[in-house]
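All values below were derived from every heavy atom in this structure, side-chain atoms included, with hydrogens, water molecules and symmetry-related copies excluded. Here the structure is a predicted model, which is why all the values come from computation and not from measurement.
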Amino acid sequence: MRGGEMTQVDTPPLGSSNGDVVGEHKAKENAYPASEPLSKSLTLDPIGTGDGGQQGGCWQVRYTLAILALIGIALMYAMRVILSIAIVAMVGSRSEASNKTHAMTNVCPDPKVADAGVSDHLEGEFEWEESIQGVILASFFWGYSCTNIVGGRAAEYLGGKLVFGLGIVLSALLTVLTPISARTSTELLIAARVGEGLVQGVVFPAINSMLATWIPPIERSRYNTIVFSGFPLGTVLSLPVGGWLCSSHYLGGWPSAFYLFGSLGLIWGVAWFLLVHDRPEKHPRISDEELAHLNAFKQDTKRAEVVALPWKDFLMSLPFWGLMLGALGYDFGFYTFLTELPTYLKNIQHFDMNENGMMSALPFLVMWLWGYVWGSFMDRLTAAKKVSIIVIRRISMSLAMYGPMLGLMVMCFVNCNTVLAMVVLCMGVGLAGSANCGFLCSHQDLAPNFAGTLLGFTNTLGSFAGIIAPIITGRITDGNQTLSAWRTIFLITVAFYFVTCTFYIVFISERTQHWNEPKSYKYEKDFHGCLEAQLSLESDDSRHKLSKSNNLEEC
């Protein structure tokens, strides 16, 4: 207690299962006091020394966790996204006469039109209409929507290491088998994609549970930025590499893209299971200094014990619904860009296969880089006590959703200006990288004990956006690849962004919610808080007498 020593009382201290006092922060030179509003401030200290207050040597085991998680998520997204670019080569393009019935103001002229008036033609193996392509692209999310909540609870019971690792390894196996599935039947391809969605659905909840276990609040924004930057990185790598492989003749062209990323995922699994562990106290190679540093933040990280789900408290919590709606809008916009951008660039802006992969990846490269820039900027502001956590969350999500929203509004007017279209797409998608410091941290803010389950809830809702977005796009553009059709798609996404982001900003909180702890723990914690408050009001001479009296029943 500040202001003098507190005399020990007979009431036993609030303890954890291993006998440590739960929530008691050790004095640290650079950690903010628990009573100050910026106690969850972030610092920037990537090598673990200096102002960040980190301890444990030049290389800490949570760095290994972060890097392997980053690579795993990048490969997971590469396996998810590769179909978006491969389907362009799988279906090919149909010959189209230059004298289309559409008014020339509603379509962009193809610079590669041959003298005979027929567009440059790309042969494909499959005769899938746009609506069928939309179903195939959406099928992944049918499975993905089913296992997020299960994955969050499984990680809390079984450990995030097993759940996260199996999710990516099994996804890699199904990716390797995708070409065989597609050539067997369309139905089997859809089933394989549903299965891949099922196993990938557990990945984000599992890693969020591990981050809530391993990462103290003062480091949360930094590590979330590193780990969750894997999904734009995976997109950046897969689209140009996939476009190049699909346009080649290596291993049959488009199948080689699935073989490459699936094989890398299997190799990654070996490193993950050998080097990563579920909890700091179970890690055989963690230093005493790093373990002591993490133990100083026990009250703000996930408990080892599994806590029962407070369903009623979830449903009655406005911050929980703010988080849910924010995730829904963000995912709808992100999946629209992710699954449909190659199709837009091919059919409207007329990029060829190699150009398509590079141009589709460029906005996500900006997103990846901007995520690091923004995360570093937020770290520095908070370390200097310039902004609070809630301000970080709101500003980050405003940029991540209102920014792309304005970009899509501008896209309605760029028409056939290819350069302007790419500039607007890069700016809009790039700003979405700010979400690493926004809603992707809010799960751990609201309830570290349920961080995996909360992300399971938000990902389940968000995955419906992944189902709806490709289907809506396929229905609108089926036989109607025109500027006006794509304007309709852009405006639908604008509406999603505006409504959901506004709801998030109004109702989100940075405070740990009361339903994070078990009821018995909460009552015991409240008693000791009340006891300490009453003792602090007494003089040093009377504290011992008061602590021995029976006048504390009101606590």
Side-chain angles (χ1 to χ4, degrees), residues 68-91 125-126 128 133 135-147 151 163-204 206-207 230-248 250-273 335 338-339 342 357 360-361 364 463 466 470:
L68 283 176
L70 163 67
I71 297 172
I73 291 175
L75 289 172
M76 181 195 79
Y77 253 80
M79 292 183 282
R80 178 189 302 192
V81 171
I82 193 62
L83 183 61
S84 297
I85 192 71
I87 201 169
V88 177
M90 294 166 75
V91 175
E125 288 187 43
F126 305 98
W128 294 329
Q133 294 177 48
V135 171
I136 293 171
L137 290 172
S139 60
F140 171 92
F141 297 97
W142 298 347
Y144 191 72
S145 64
C146 297
T147 53
V163 177
F164 183 81
L166 283 180
I168 294 180
V169 169
L170 293 176
S171 176
L173 182 61
L174 288 169
T175 299
V176 171
L177 297 175
T178 296
I180 298 175
S181 303
R183 285 168 170 165
T184 302
S185 71
T186 303
E187 292 77 14
L188 187 59
L189 171 61
I190 292 174
R193 292 294 292 179
V194 171
E196 193 164 344
L198 284 169
V199 296
Q200 284 198 16
V202 305
V203 169
F204 275 122
I207 195 59
F231 63 81
L233 176 61
T235 306
V236 167
L237 294 176
S238 63
L239 289 177
V241 173
W244 175 74
L245 289 173
C246 290
S247 63
S248 72
Y250 181 68
L251 294 177
W254 63 265
S256 61
F258 294 95
Y259 297 147
L260 171 64
F261 292 109
S263 299
L264 290 175
L266 294 173
I267 295 171
W268 169 91
V270 176
W272 174 262
F273 284 110
Y335 290 138
L338 190 66
T339 60
S360 297
F364 295 98
S463 64

Problem - Counterpart residues, side chain to side chain donor-acceptor pair (under 3.5 Å), relative to Thr184 (two or more places apart) - result: none

Practice task
Could you list all the side-chain hydrogen bond (donor to acceptor under 3.5 Å, both in side chains) pairs where at least one residue sits in residues 71-84, not counting sequence neighbours?
Solution key: Tyr77-Arg80, Arg80-Tyr144, Arg80-Gln200, Arg80-Tyr335

Practice task
To the nearest 0.5 angstrom, please state how far the CD1 atom of Ile87 sits from the CD1 atom of Ile82.
Solution key: 12.0 Å

Fill in the blank from the handout: The reported gap from OG in Ser238 to CG in Leu233 (rounded to nearest 0.5 angstrom) is 9.5 Å

Exercise for the section: Identify the two heavy atoms, one from Ser181 and one from Ala192, that lie closest to each other, and give their separation to 0.1 Å. Expected result: OG-CB, 3.8 Å

Problem - Within-4.5 Å side-chain heavy-atom neighbours: Val81 and Phe231 - result: no

Exercise for the section: Mind jotting down which residue pairs meet the salt bridge (charged side-chain N to carboxylate O under 4.0 Å, His left out) criterion with at least one end in residues 255-270? Sequence neighbours excluded, please. Expected result: none

Handout entry: Interatomic distance, Ile136 atom CD1 to Met90 atom CE [nearest 0.5 angstrom]
Key = 7.0 Å

Problem - CG on Leu70 to CG on Leu75, rounded to 0.5 Å - result: 9.5 Å

Completion exercise
Phe364 meets the ring pair (Phe, Tyr, Trp, His ring centres under 6.0 Å) criterion, sequence neighbours left out, with Phe334

Exercise for the section: Hey, could you give me each pair passing side-chain hydrogen bond (donor to acceptor under 3.5 Å, both in side chains) that has a residue in residues 253-267? Not counting sequence neighbours. Expected result: Glu125-Trp254

Completion exercise
By side-chain contact (heavy atoms from CB on, under 4.5 Å), Ser139 pairs with (sequence neighbours left out) Trp142, Ile190, Arg193, Val194

Practice task
Would you give the length of the straight line joining atom CG of Leu189 to atom CG of Leu177, rounded to the nearest 0.5 angstrom?
Solution key: 12.0 Å

Practice task
Please examine the side chains of Leu137 and Leu83, heavy atoms only from C-beta on, and report whether any two atoms are closer than 4.5 Å.
Solution key: yes

Handout entry: Donor-acceptor under 3.5 Å (Thr147 side chain, Leu198 main chain)
Key = yes

Handout entry: ring-ring contact (aromatic ring centres under 6.0 Å, His included) pairs, two or more places apart, involving residues 163-185
Key = Phe164-Trp268, Phe164-Trp272

Fill in the blank from the handout: Sorted by chain and number, sequence neighbours left out, side chain to side chain donor-acceptor pair (under 3.5 Å) with Thr175 holds for Glu196

Practice task
Kindly indicate, with the supporting measurements, whether the criterion side-chain contact (heavy atoms from CB on, under 4.5 Å) is fulfilled by Met79 and Ile168.
Solution key: CA-CA 9 Å; Met79 292 183 282; Ile168 294 180; 4.1 Å; yes

Exercise for the section: Could you walk me through whether Phe261 and Val241 pass side-chain contact (heavy atoms from CB on, under 4.5 Å), step by step? Expected result: CA-CA 10 Å; Phe261 292 109; Val241 173; 4.1 Å; yes

